[in-house]
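Have a look at the structure below before the remarks.
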Amino acid sequence: MSDEAPRGKRGWWVVTGVVWLGGIVAGSLAMARYSLTPGESLAAPARWPGDSTVPRVEGRPTLVMLAHPLCPCTRASMGELSLVMAKAQGRLDAFVLFLKPEGTGKDWEQGELWRSAAAIPGVTALRDEGGVQAERFGAVTSGQVLFYDAGGALRFSGGITTARGHAGDNAGRAAVEALLGDAPAEALAGHAVYGCELEDPRGSAP
């Protein structure tokens with residue numbers, strides 16, 4: 001009996017360990033799958049929307065990012081935007097429009113992400129009351145970036161991160177940076193958008 005009892009305990013610990021390890025693997029796979037799942041993208045206006053209240057200077061390219069102020073994924077987008085603006089060296093006007101849902105309190109949208117955006121040289125943070133501007137630009141996912149050239153034509157629509165909350169070299173940022181140089185005028189680039197739904201009042205992953 002004394003030999004069987006230790007063997008039984010060892011067996012129980014082995015089973016417990018296998019279940020525990022399986023849970024960790026399953027959780028990690030779920031997180032990785034979510035991280036690599038892009039948000040929804042809609043067709044953006046081919047030309048700068050005339051009813052937009054975002055200021056645009058004729059003859060200068062303009063970048064617009066739509067953001068949910070509570071979306072953790074968008075922190076990485078802010079980091080990538082800062083790299084874009086450093087490369088632009090003053091040749092690009094950029095705006096980050098932060099959703100302010102109806103019924104939220106004064107300055108609800110002016111949190112950490114707002115401060116991060118406002119701290120980037122050349123970037124202006126603006127309130128998007130009720131998501132009106134997001135609707136005009138056809139954006140439904142936080143981190144959506146639209147690049148309009150000096151003539152007001154859409155040249156890029158998409159995200160500038162490689163996954164949800166992951167900074168680093170990616171095709172989206174590379175496409176925007178190429179537009180600051182000699183990218184063909186007829187090209188319309190795009191990239192998947194990795195972020196939370198703009199309409200989600202929590203701005204967080206489920």
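Please read all numbers here as calculations on a predicted model, not as lab measurements.
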Is it true that [X] and [Y] fall in one hydrophobic cluster, defined by side-chain heavy atoms closer than 4.5 Å?
X      : Y      : result
Leu92  : Leu83  : no
Val54  : Tyr148 : yes
Leu180 : Met85  : yes

Do any N or O atoms from the side chain of [X] and from the backbone of [Y] form a donor-acceptor pair under 3.5 angstrom?
X      : Y      : answer
Lys100 : Gly105 : yes
Asp128 : Leu97  : no
Arg47  : Gly151 : yes

Can you list every pair that meets salt bridge (charged side-chain N to carboxylate O under 4.0 Å, His left out) and has a residue in residues 131-141, with sequence neighbours left out?
-> Asp51-Arg136

Quick note, salt bridge (charged side-chain N to carboxylate O under 4.0 Å, His left out) partners involving residues 78-89, not counting sequence neighbours, are Glu80-Arg173

Matching residue for Val193 among Val145, Val140, Thr141 - test: side-chain contact (heavy atoms from CB on, under 4.5 Å) = Thr141

Of all heavy-atom pairs between [X] and [Y], which one has the smallest distance, and what is that distance?
X      : Y      : result
Thr74  : Gly143 : OG1-N, 4.2 Å
Glu109 : Pro69  : O-CB, 3.4 Å
Tyr194 : Thr161 : CD1-O, 3.6 Å
Phe147 : Pro61  : CZ-CB, 3.7 Å
Cys73  : Gly195 : CB-CA, 3.8 Å
Gly90  : Arg60  : O-NH2, 2.9 Å

State, with a plain yes or no, whether a side-chain heavy atom of [X] is found less than 4.5 Å away from one of [Y].
X      : Y      : result
Gln133 : Leu126 : no
Trp48  : Val64  : yes
Leu81  : Leu63  : yes
Leu99  : Leu66  : no
Cys71  : Glu197 : no
Asp149 : Leu179 : no

Return the [atom1] to [atom2] distance between [X] and [Y], rounded to the nearest 0.5 Å.
X      : Y      : atom1 : atom2 : answer
Arg75  : Glu112 : CZ    : CD    : 5.0 Å
Ile160 : Asn170 : CD1   : CG    : 7.5 Å
Ile120 : Met65  : CD1   : CE    : 7.5 Å
Gln144 : Ser157 : CD    : OG    : 4.0 Å

Is Glu58 salt-bridged to Arg56, going by a charged N under 4.0 Å from an acidic O?
-> yes

Just say parallel, tilted or perpendicular for the rings of Phe98 and Trp114, cut-offs at 30° and 60°.
-> tilted

